[in-house]
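The structure appears right after this line, and notes come after that.
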Amino acid sequence: MEISGVISAVVIGIVIGTLGRLVLPGRQRIGLLWTIAVGILAAFVGTGIAAALGVADTKGIDWIEWLIQIALAAAGVTALERFKARR
């Protein structure tokens with residue numbers, strides 16, 4: 001993987017993770033690095049799901065893919081927050 005691919009994954013992770021946190025009510029008690037990690041994972045998994053559904057490559061902005069990724073990020077942030085709260 002090239003350095004530009006790593007940088008792109010981090011930037012996309014930040015965006016997806018942040019959007020995932022924004023759709024949740026209240027304050028989430030996870031840090032920036034966890035947000036990025038959840039966002040990167042949600043972006044990769046969301047892209048896979050969108051590809052399986054046949055909506056990953058559309059003309060223009062892939063809104064359905066973005067919605068899948070953001071929903072996965074929100075679910076990931078919620079799960080991580082609940083996991084950390086039990087500890």
Side-chain angles (χ1 to χ4, degrees):
M1 181 177 256
E2 295 180 15
I3 190 71
S4 62
V6 172
I7 292 171
S8 297
V10 170
V11 170
I12 291 170
I14 291 169
V15 171
I16 295 295
T18 302
L19 290 173
R21 285 179 74 154
L22 286 175
V23 299
L24 296 173
R27 183 173 188 265
Q28 292 78 42
R29 290 176 172 82
I30 65 170
L32 178 63
L33 293 178
W34 281 113
T35 300
I36 293 170
V38 167
I40 291 170
L41 183 63
F44 282 122
V45 173
T47 298
I49 292 171
L53 295 175
V55 295
D57 294 320
T58 59
K59 293 181 181 181
I61 299 172
D62 298 323
W63 292 110
I64 297 172
E65 182 177 1
W66 272 84
L67 289 173
I68 293 168
Q69 292 170 337
I70 293 167
L72 288 172
V77 167
T78 301
L80 183 60
E81 186 176 31
R82 288 183 182 170
F83 176 77
K84 289 183 86 172
R86 286 189 218 167
R87 294 179 93 190

Transitive ILVMFWY side-chain link V23 to L72, under 4.5 Å:
no

Taking all heavy atoms of A73 and all of G17, pick out the closest pair and write down the distance.
CB-CA, 4.4 Å

Can you find a pair of side-chain heavy atoms, one from L53 and one from I64, that are under 4.5 Å apart?
no

hydrophobic_cluster_shared for F83 and W34, side chain cutoff 4.5 Å:
no

Quickly, which of T18, L22, L24 forms a side-chain contact (heavy atoms from CB on, under 4.5 Å) with V77? Name it, please.
L24

Shortest non-hydrogen contact from R27 to E81?
O-OE2, 3.4 Å

For the CD1 atom of I12 and the OG1 atom of T47, what is their distance to the nearest 0.5 Å?
7.5 Å

Sidechain-backbone polar pair: R21 side chain, T35 backbone, donor-acceptor under 3.5 Å:
no

More than 12 heavy atoms of other groups within 6.0 Å of L19 CG:
yes

Please assess W66 against V15 for the test side chain to side chain contact (heavy atoms under 4.5 Å, CB included), listing each intermediate value before the final yes or no.
CA-CA 10 Å; W66 272 84; V15 171; 3.7 Å; yes

Do you reckon I49 sits in the same ILVMFWY cluster as L67, going by side-chain contacts under 4.5 Å, direct or chained?
no

With rounding to the nearest 0.5 Å, note down the distance linking CD1 in I36 to CD1 in I16.
13.0 Å

Hydrophobic clustering (ILVMFWY, side-chain heavy atoms < 4.5 Å, transitive) - are L41 and V38 grouped together?
no

